[in-house]
Colleague: 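One structure is given below, represented as structure tokens, and several questions about it will come after.
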Amino acid sequence: QGGLGNSALARHDTKAPIDIDAARIEVRDRDNQAIFSGNVVVRQGNMTLQAGQLRVFYQRAQGDDLAILRIDAEGGVTLVSPSERARGSYGVYDVEDRQLTMIGNVVLTRGDSVLRGQRLGIDLETGRSTLDGASSGGATGSSGTRVTGRFVVPERRANP
Amino acid sequence: MRANAAPPGGSWDRTVAILKLALPAGAAAVLAACLIWPLTSQQEFSFILSKDRVAEAQERLRMDRAVYRGEDSKGQPFTIRAASAVQKTSDTPIVELRAISAELRTADGPARADADVGRYDLERERIDVVGPVKLRSAAGYALDTSDVSLDLATRKVTGSGKVDGKMPLGAFTAGRLTADVNGRSVVLDKGASLRIVQR
């Protein structure tokens with residue numbers, strides 16, 4: 001389990017307004033779903049998610065309330081936050097449980113260090129991030145590929 | 001006892017005798033009056049309709065509180081009510097409507113569209129709304145937008161050029177809108193953006 005530093009997305013307000021741009025938006029009120037396609041850009045607070053296609057699951061219990069349950073992103077997903085940039089094949093933003101997960105050839109860039117793995121999880125409450133090698137998200141090392149990483153240690157400035 | 005009720009030669013016999021003469025005479029008099037009376041009237045009532053002095057209406061047809069009824073392709077009925085309906089010329093089946101409310105039956109109950117101004121194409125059963133329109137359905141489907149056309153036959157709302165508006169999921173702008181009231185779906189394309197505010 002490649003434990004990393006915390007993401008700046010800690011205490012991310014998952015109830016904040018979500019702005020989504022896309023070439024095409026299809027809202028299926030009957031299934032409580034909305035499908036976005038064509039260079040989709042999602043912005044919420046200081047988090048930006050880009051993807052080829054996006055599917056938003058929402059809930060309208062009664063009256064005028066609205067809750068977004070989950071956002072599935074696919075077709076090349078990029079997450080940008082003040083502290084990192086992550087790319088992967090799929091992304092799942094579980095709005096209700098405040099969990100962000102990226103799956104499939106994940107490349108996480110933080111500062112100068114670049115980490116690769118199969119599955120990146122960011123807890124939007126604590127900001128705790130984990131990068132797993134195993135594509136199924138199980139214990140690392142056993143069957144999955146290894147997590148590889150290149151750490152860059154900032155040079156020590158020669159003191160005058 | 002019955003005898004003294006009407007003794008012979010008493011007052012009752014005299015009244016009957018008088019009536020026997022008076023009534024037929026009265027009837028004859030009335031009949032004569034009916035026949036002669038119309039012939040005696042003198043004053044002549046006639047007028048000349050002059051074409052140029054008559055007040056000419058600009059429109060071909062003007063109706064207040066107009067109601068149009070029809071059916072969509074699946075036979076579901078719709079009703080369009082308008083405070084006023086004006087058809088300019090007879091060669092184009094377009095009626096200018098004011099204060100419009102259209103009611104249509106959908107798979108999940110009635111839906112209703114309200115708009116201030118619109119042009120109703122009688123043949124194509126389509127309202128081209130000018131300005132804002134509010135669409136609500138019993139199943140909670142809602143769409144507020146403007147300058148779109150509502151096709152009553154196919155239950156589709158279409159709008160192009162810059163279209164904006166709001167629905168339960170959020171406020172939107174798009175290059176084109178196609179909403180299917182029956183299927184309760186909205187497609188925004190040619191570049192679209194949606195602002196979702198959870199509440």
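Below, chains carry the letters A, B, ... as their sequence lines are ordered, and counting in each starts from 1.
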Colleague: I need the minimum non-hydrogen distance between B:Q198 and A:T14, along with the two atoms involved.
Modeller: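 Of all heavy-atom pairs spanning B:Q198 and A:T14, the closest is NE2-O, 2.9 Å.
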
Colleague: Can you see which heavy atom on B:V187 is nearest to which on A:R24, and at what distance?
Modeller: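 Taking every non-hydrogen atom into account, CG1-NH2, 3.5 Å.
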
Colleague: For B:R62, look at atom CZ and say whether over 12 heavy atoms of other residues, nucleotides or ligands are found less than 6.0 Å away.
Modeller: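 Check fails, neighbour count at 12 or below.
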
Colleague: Find out if a path of hydrophobic residues (ILVMFWY) with successive side-chain heavy-atom gaps under 4.5 Å connects A:I18 to A:L69.
Modeller: no

Colleague: Could you give me the CA-CA distance, side-chain angles and deciding distance for A:F36 and B:L194, then say whether side chain to side chain contact (heavy atoms under 4.5 Å, CB included) is met?
Modeller: CA-CA 10 Å; A:F36 301 74; B:L194 184 69; 3.8 Å; yes

Colleague: Check A:R30 against B:G183 and note the closest heavy-atom contact, atom names and distance.
Modeller: NE-O, 3.6 Å

Colleague: Does the side chain of A:Y58 reach to within under 4.5 Å of the side chain of B:I196, using non-hydrogen atoms?
Modeller: no

Colleague: Please determine, among A:N32, A:D65, A:V56, the option with the most heavy-atom pairs under 4.5 Å with chain B.
Modeller: A:D65

Colleague: How about A:R98: does its CZ atom have over 12 heavy atoms from other parts shown lying under 6.0 Å from it?
Modeller: yes

Colleague: Would one find more than 12 heavy atoms of other residues, nucleotides or ligands at under 6.0 Å from atom CZ of A:F57?
Modeller: yes

Colleague: Could you look at B:D180 and say if it's the side chain, the backbone, both or neither that has a heavy atom under 4.5 Å from chain A?
Modeller: neither

Colleague: Applying a heavy-atom distance below 4.5 Å, give me the residues of residues 148-170 of chain B that approach chain A, sorted by number.
Modeller: B:M167, B:P168, B:L169

Colleague: Give, for atom CZ of A:R60 and atom CZ of B:R199, the distance between the pair rounded to the nearest 0.5 Å.
Modeller: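 Reported value, rounded in 0.5 Å steps: 7.5 Å.
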
Colleague: Test A:I25 against every option in B:V186, B:L188, B:L177 by the side-chain contact (heavy atoms from CB on, under 4.5 Å) rule and name the one that passes.
Modeller: B:L188

Colleague: For residues B:Y141 and A:D29, report the shortest heavy-atom separation together with the two atoms involved.
Modeller: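 Looks like CA-OD2, 3.9 Å.
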
Colleague: Counting neighbours of CG on A:D112 that are heavy atoms of other residues, nucleotides or ligands and sit closer than 6.0 Å, is the number greater than 12?
Modeller: no

Colleague: Could you see if A:L66 belongs to whatever hydrophobic cluster contains B:L135? Use Ile, Leu, Val, Met, Phe, Trp, Tyr and a side-chain cutoff under 4.5 Å.
Modeller: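 Yes, A:L66 and B:L135 fall within the same hydrophobic cluster.
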
Colleague: Same cluster or not: are B:V95 and B:M63 linked, directly or through other Ile, Leu, Val, Met, Phe, Trp or Tyr residues, by side-chain heavy atoms under 4.5 angstrom apart?
Modeller: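 Hydrophobic grouping puts B:V95 with B:M63.
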
Colleague: Linking I/L/V/M/F/W/Y whenever any side-chain heavy atoms sit under 4.5 Å apart, do B:I127 and B:L61 land together?
Modeller: yes

Colleague: Would you say A:I68 and B:V197 are hydrophobically clustered, going by side-chain heavy atoms of ILVMFWY under 4.5 Å?
Modeller: no

Colleague: Around atom CG of A:N39, are there more than 12 heavy atoms of other residues, nucleotides or ligands at under 6.0 Å?
Modeller: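 12 or below, so no.
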
